[in-house]
Protein chains: 2
Amino acid sequence: MLLNQRFYEAELGRKTLSQKGISEMITVAIVEDDQDIRESLALLINGTPNFSCVGIYPSFEKALKGIIREQPDVVLMDIGLPGVSGIEGIKILKEKIPEIDILVLTIQSEDQVVFDALCAGACGYLMKDTPPAQLLDAIQESHSGGAPMSTRIARLVVESFQVTSHSNLTQRETEVLTHLCKGKSYKMIADDLFISEETVRRHIKNIYRKLEVHSKSEAVAKAFKEKLVNL
Amino acid sequence: MLLNQRFYEAELGRKTLSQKGISEMITVAIVEDDQDIRESLALLINGTPNFSCVGIYPSFEKALKGIIREQPDVVLMDIGLPGVSGIEGIKILKEKIPEIDILVLTIQSEDQVVFDALCAGACGYLMKDTPPAQLLDAIQESHSGGAPMSTRIARLVVESFQVTSHSNLTQRETEVLTHLCKGKSYKMIADDLFISEETVRRHIKNIYRKLEVHSKSEAVAKAFKEKLVNL
DNA sequence: AAAACCATACCCCGAATGGGGGATTTTTTT
DNA sequence: AAAAAAATCCCCCATTCGGGGTATGGTTTT
């Protein structure tokens with residue numbers, strides 16, 4: 001059977017890791033609404049040396065109490081849960097147990113979901129098609145202070161740092177916007193750029209038109225969100 | 001000279017393979033000022049099937065022309081380079097060849113350097129103590145659209161998404177600040193929170209005092225930079 | 001050469017903002 | 001129960017800001 005086949009391969013992989021000297025017992029809790037996946041995961045974890053599943057739950061509501069009691073090292077959390085969403089669950093859990101490592105394991109890969117999960121406090125993000133051996137590695141990695149992510153997710157996260165967004169602002173306008181983002185007033189910007197306050201006003205008018213905003217705070221907010229400036 | 005010899009061989013190798021139409025070959029360039037490391041890396045890469053080193057350079061200045069000519073798939077880049085820094089180099093390279101994957105390989109692990117490198121356009125960040133096998137995996141991973149990072153770096157990156165900073169703002173003040181960060185006016189905030197504009201004004205006065213700022217744009221800027229709000 | 005764009009600068013005016021007071025009620029902490 | 005903190009509301013006033021014009025000189029594109 002395919003499932004058992006996977007487990008077997010995974011365990012082979014783990015043996016290799018064991019030989020490398022990784023020998024701490026890692027306790028894991030699972031929050032996953034699909035029964036098959038949930039139980040497969042539990043089998044995988046309990047069937048692997050140095051891994052122990054200390055709780056399997058079909059929803060966050062049912063998980064919270066047990067997780068607080070068991071204090072597992074790592075929680076495998078689905079996102080698309082009934083009732084309290086995985087994202088909300090992560091927030092709540094991290095508030096109760098700040099040092100816990102929450103590893104998202106889901107089929108959802110929309111950018112916003114990924115970022116929401118990480119903002120909420122997840123330490124890693126894996127797609128459900130992750131092979132068993134890699135999943136075990138990822139749990140280990142989470143517990144070792146890492147942040148395992150599926151290939152595409154990792155790139156997504158890294159690219160979020162890059163200022164890609166080319167607005168249609170001119171160089172001077174970008175310069176003025178940068179000063180706005182430092183909280184400067186018209187007058188201060190004028191002094192910094194050695195131009196008249198009226199010119200600053202003119203640039204800002206154009207910036208507002210191009211960004212479709214109507215105030216400094218809105219412009220600053222947009223600049224930060226869309227990474228229009230290099231501070 | 002050894003360097004030229006290797007370089008020559010590398011180039012020959014690549015051309016031959018290209019002619020044969022073998023496309024899974026990953027071409028790599030190395031920018032690293034330490035000669036020992038540089039040559040070890042080249043040996044490792046050239047000694048591995050499907051990897052080919054198509055240029056090794058001791059500085060960015062010496063690398064730029066060759067990299068543009070060779071168009072390698074992946075560049076292994078040190079940060080602490082003489083002359084043009086690795087960070088600057090990444091920016092320049094990504095501007096010239098946007099699709100190139102730049103993998104930082106360095107001993108520096110200060111948070112700011114890591115973020116600077118990623119902002120500049122690096123697709124991954126490895127410490128120099130990465131074992132050879134993992135380094136090769138990381139190069140492969142970079143080329144497959146991933147973002148390989150050393151354990152600690154990955155966690156650092158993921159944690160950067162989390163709103164850790166607990167300011168001394170009250171709940172209501174944080175709420176008001178959140179609305180400011182959406183670019184709302186006093187009046188709009190008052191309407192949203194069902195309180196008078198005067199109360200909004202009062203909250204904002206207190207926010208300014210606590211954040212030590214004197215305008216909306218400054219407050220918004222600080223809120224974004226220190227992740228005081230959950231947008 | 002004409003047109004378009006950019007950076008510069010000025011005027012007017014009403015609305016929004018920031019800083020200074022003071023005050024009451026509710027909630028939380030001690 | 002008392003004290004402290006938080007949230008609510010009000011007034012005054014000078015400054016800043018946002019939107020509406022207009023204009024000139026320089027560059028770039030067409």
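Here is the naming used below: chain letters follow the sequence lines, and residue numbers restart at 1 for every chain.
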Measure the distance from CG on A:L169 to P on C:dC5 and round it to the nearest whole Å. 15 Å
My understanding is that only residues two or more places apart in sequence, or in another chain, count here; which of them pass side-chain hydrogen bond (donor to acceptor under 3.5 Å, both in side chains) with B:T151? A:E141
With B:S217, which residues qualify under side-chain hydrogen bond (donor to acceptor under 3.5 Å, both in side chains), at least two apart? B:S215
Sequence neighbours excluded, the answer for ring pair (Phe, Tyr, Trp, His ring centres under 6.0 Å) partners of B:F161 is A:F115
What residues, two or more places apart in sequence or in another chain, satisfy salt bridge (charged side-chain N to carboxylate O under 4.0 Å, His left out) together with A:D33? none
Mind checking ring pair (Phe, Tyr, Trp, His ring centres under 6.0 Å) for B:Y208 and listing every partner two or more places apart, or none if nothing turns up? none
Test salt bridge (charged side-chain N to carboxylate O under 4.0 Å, His left out) applied to B:E88 - qualifying residues, sequence neighbours left out: B:K91
So, B:R38 and B:D78, do they make that salt bridge, N to O below 4.0 Å? no
What residues form a salt bridge (charged side-chain N to carboxylate O under 4.0 Å, His left out) with B:E218, not counting sequence neighbours? none
Selection residues 56-65 of chain A - residue pairs positive for salt bridge (Lys or Arg N to Asp or Glu O under 4.0 Å), sequence neighbours left out: none
Atom pairs under 3.5 Å, N or O on each side, protein against nucleotides 25-28 of chain C: can you list them with distances?
none

Contacts of type salt bridge (charged side-chain N to carboxylate O under 4.0 Å, His left out), residue B:R201, not counting sequence neighbours: B:E198
Scan nucleotides 5-21 of chain D nucleotide by nucleotide, 5' to 3', and note B when protein non-hydrogen atoms come under 4.0 Å of the base, S if they reach only the sugar-phosphate, - if neither. -SSBBBB-----SBBBB
Once each nucleotide of nucleotides 25-30 of chain D is scored for protein heavy atoms under 4.0 Å, what B/S/- sequence comes out, 5' to 3'? ------
